[in-house]
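What follows is a short report on a single structure.
Order of listing sets the numbers, starting from 1, for every ligand and every atom in it.
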Amino acid sequence: MASLPRVVVVGGSFAGYTAALKLASTLKTGSRDAKGEVTVISNTDVFTFIPSLIWLPFGLRTRDQITFPLRPPLESAGVKLVETQAERIDLEAREVITPAGKFGYDHLVIGTGPKVYFDAIAGLGPERDGVPGYTHSICNLDHAEDARDAWTEFLKDPGPAVVGAVQGASCFGAAYEFVLNLAHQVKKHGLQNKVPITYLTSEPYLGHFGIGNFGAAKKLTEMFFAKLGIEWRVSQVVDHIEKNQVVMAGGERIPFRFGMLIPPFRGVDAVTRSPGLGNATGFIEVDDGYRHRDHRQVFAAGVAVAVAPPAKTEVPCGVPKTGYLTEEMAKVAAHNIAADILGGDEVHLPFASIDAKCILDAGNTGVIMTADHILEPRGHAWLIPGPEAHWAKLAFETYFLATHKRGYV
Ligand SMILES: Cc1cc2nc3c(=O)[nH]c(=O)nc-3n(C[C@H](O)[C@H](O)[C@H](O)COP(=O)(O)OP(=O)(O)OC[C@H]3O[C@@H](n4cnc5c(N)ncnc54)[C@H](O)[C@@H]3O)c2cc1C
């Protein structure tokens with residue numbers, strides 16, 4: 001009997017999980033009529049709902065509340081999960097190299113997300129492997145838990161707080177949500193007089209988000225910040241960070257007792273170790289069908305994909321690749337792999353023209369953001385501020401976790 005086409009998916013989060021389950025349903029994996037095999041290689045066996053990491057440091061969520069095990073939904077869809085680290089991809093041999101062995105593929109999906117690149121700035125990020133670090137991060141669960149411990153200590157002896165996104169960062173939404181939630185917590189604890197809050201960003205103006213000109217985002221964000229007493233500085237370049245001080249490129253020192261700065265992202269080591277797979281920063285250049293430009297059986301989705309900024313900014317800003325955009329890319333990639341295997345037309349969805357759907361939470365209020373296209377030109381870009389945005393985010397979190405842990409993507 002001829003062997004079935006093998007699809008290997010690296011990463012089991014927004015990109016990898018979505019692609020694997022979409023492929024499972026199209027290829028009927030694990031059934032008698034199966035048209036292919038799908039294997040997920042993931043260095044973790046849990047899915048984390050990353051958008052909730054903005055709340056974890058304030059004690060509003062725990063690890064268990066925002067994660068679910070990957071194995072049961074994948075296995076019940078006939079997808080094999082191998083919990084290991086992809087070390088590199090051998091593009092000639094069409095194999096993923098891991099400590100658990102080599103996994104041959106006919107089609108490959110890279111959904112490995114970012115490497116959080118703290119090394120870009122001395123002192124940035126939490127202390128790690130003997131490298132000193134003085135700020136916190138909420139980019140993954142472990143970092144968010146460290147930030148929670150630091151916040152708990154900070155409340156005993158409060159002082160200035162600095163939040164933001166450094167030069168080259170792209171995940172601006174998380175920085176905004178975190179600073180707004182932090183301001184909300186400061187108010188709840190009655191600490192406004194003790195905790196001056198500074199927001200530092202590489203963006204040319206508030207509400208730029210790395211994409212620019214999103215409806216009334218500038219005006220609205222400035223209004224929120226002014227109301228909450230958050231001081232802001234745009235087009236900022238951080239030179240280095242010392243204990244309790246951010247040192248700016250011009251030499252100015254901004255004191256802090258609690259700091260959370262979003263770092264730049266790079267592609268993961270498994271990509272940079274695989275010549276021909278990624279670009280100089282480790283992101284993968286794909287066409288509008290999320291197919292690698294040179295290696296046509298390789299696909300990528302989510303943060304792993306290279307997206308050029310739509311316009312040059314005074315200080316470099318990356319383009320955010322949100323969870324929603326990631327899932328849309330993953331669905332297109334899965335469709336096109338299935339089309340290769342089963343026959344049928346490819347679909348194309350240029351990144352710039354994916355619609356935007358986002359909720360920016362501010363603790364007890366927020367902003368619902370929606371646009372027909374993530375990048376300009378846009379037909380519309382609407383922002384709806386109000387407490388319903390906070391409730392919508394809570395409802396979405398429940399909906400997402402309830403559906404995804406049962407294998408619905
Ligand atoms: C604090 C925060 C808040 C956010 N809030 C929102 C929001 O409200 N709405 C929204 O739409 N988006 C939000 N985002 C963005 C969203 O989290 C990302 O778009 C999404 O996680 C991207 O999915 P991904 O699968 O590409 O990457 P990731 O989610 O980073 O997943 C990559 C996966 O691959 C695994 N992996 C990496 N390398 C390897 C390897 N070599 N071998 C095996 N496995 C590997 C990783 O462990 C991980 O599980 C937020 C991001 C952050 C940081």
Side-chain angles (χ1 to χ4, degrees), residues 8-20 39-57 61 66-67 70 81-89 96-100 103 109-116 136-144 147 163 165 169-178 181 209 260 262-263 265-274 277 282-284 290 300-305 307 319-330 333 354 356-361 366-369 374 389 392-393 396-397 400 409:
V8 173
V9 178
V10 187
S13 181
F14 287 79
Y17 189 67
T18 305
T39 302
V40 171
I41 295 175
S42 170
N43 56 14
T44 165
D45 64 352
V46 294
F47 186 107
T48 301
F49 186 62
I50 295 174
S52 297
L53 296 181
I54 55 157
W55 292 319
L56 192 145
R61 291 292 180 281
I66 59 170
T67 54
L70 282 171
L81 173 67
V82 182
E83 190 190 343
T84 188
Q85 176 87 8
E87 287 178 339
R88 65 183 176 88
I89 316 296
V96 180
I97 316 297
T98 81
F103 294 83
V109 182
I110 308 280
T112 41
K115 169 177 177 160
V116 281
H136 291 281
S137 152
I138 49 166
C139 292
N140 65 40
L141 252 176
D142 292 338
H143 292 164
V163 176
S170 52
C171 197
F172 296 102
Y176 280 110
E177 289 193 290
F178 191 76
N181 271 272
F209 295 114
M260 196 298 289
I262 298 284
F265 291 165
R266 290 284 182 274
V268 300
D269 294 344
V271 174
T272 50
R273 284 193 209 113
S274 309
L277 184 56
F283 293 116
I284 298 172
Y290 298 93
V303 178
V305 167
V307 179
V319 176
K321 295 160 235 171
T322 65
Y324 176 72
L325 298 168
T326 294
E327 292 192 334
E328 293 300 291
M329 294 185 236
I354 305 179
K357 284 191 181 73
C358 196
I359 304 170
L360 199 87
D361 184 66
V367 185
I368 296 171
M369 301 171 64
I374 181 75
K393 181 129 184 163
F396 182 70
E397 178 196 44
F400 186 100
V409 290

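- Listed by number with element, the atoms of ligand 1 under 4.0 Å from a non-hydrogen atom of A270 are 41 (N).
- Residue T322 has at least one nitrogen or oxygen atom sitting less than 3.5 Å from a nitrogen or oxygen atom of ligand 1, judged on distance alone.
- Atoms of ligand 1 found under 4.0 Å from any heavy atom of G302, numbered from 1 in the order shown, are 26 (O).
- Within the 4.0 Å heavy-atom criterion, neither part of E87 lies near ligand 1.
- Listed by number with element, the atoms of ligand 1 under 4.0 Å from a non-hydrogen atom of Y324 are 11 (O).
- Short contacts between ligand 1 and P114, defined as distances under 4.0 Å to a heavy atom of the residue, involve ligand atoms 30 (O).
- If you look at C171 next to ligand 1, the close heavy atoms, those under 4.0 Å, all belong to the side chain.
- If you look at P51 next to ligand 1, the close heavy atoms, those under 4.0 Å, come from the backbone and the side chain alike.
- The ligand atoms of ligand 1 that sit less than 4.0 angstrom from a heavy atom of K393 are 8 (O).
- For the pair K321 and F283, the cation-pi test (distance below 6.0 Å, angle within 45°) is passed.
- Near S42, the atoms of ligand 1 lying under 4.0 angstrom from a non-hydrogen atom of the residue are 43 (C), 44 (N).
- Taking the ring centroids of Y176 and F209, they lie under the 6.0 Å cut-off.
- Atom 17 (O) of ligand 1 has its nearest heavy-atom neighbour, among D361, I50, I262, T98, in I50.
- The atoms of ligand 1 that sit less than 4.0 Å from any heavy atom of T44 are 47 (O), 49 (O).
- Close N/O approach between V303 and ligand 1 is found [any backbone or side-chain N/O within under 3.5 Å].
- Listed by chain and number, the residues in a salt bridge (charged side-chain N to carboxylate O under 4.0 Å, His left out) with D142 are R63 (sequence neighbours excluded).
- Heavy-atom minimum distance, I54 versus F178: O-CD1, 3.9 Å.
- In T326, the part holding a heavy atom less than 4.0 Å from any atom of ligand 1 is the side chain.
- Ligand 1 has no N or O atom lying under 3.5 Å from any N or O atom of G11, backbone or side chain.
- Qualifying ring-ring contact (aromatic ring centres under 6.0 Å, His included) partners for Y17, counting only residues two or more places apart in sequence or in other chains: F47, F68.
- Using a 4.0 Å cutoff on heavy atoms, T84 counts as a contact of ligand 1.
- Atom 36 (N) of ligand 1 is flagged as protein-proximal [any protein heavy atom, distance under 4.0 Å].
- Among A19, A174, G12, the residue whose heavy atom lies closest to atom 3 (C) of ligand 1 is A174.
- Near K321, meaning under 4.0 Å from any of its heavy atoms, are these atoms of ligand 1: 18 (C), 19 (O).
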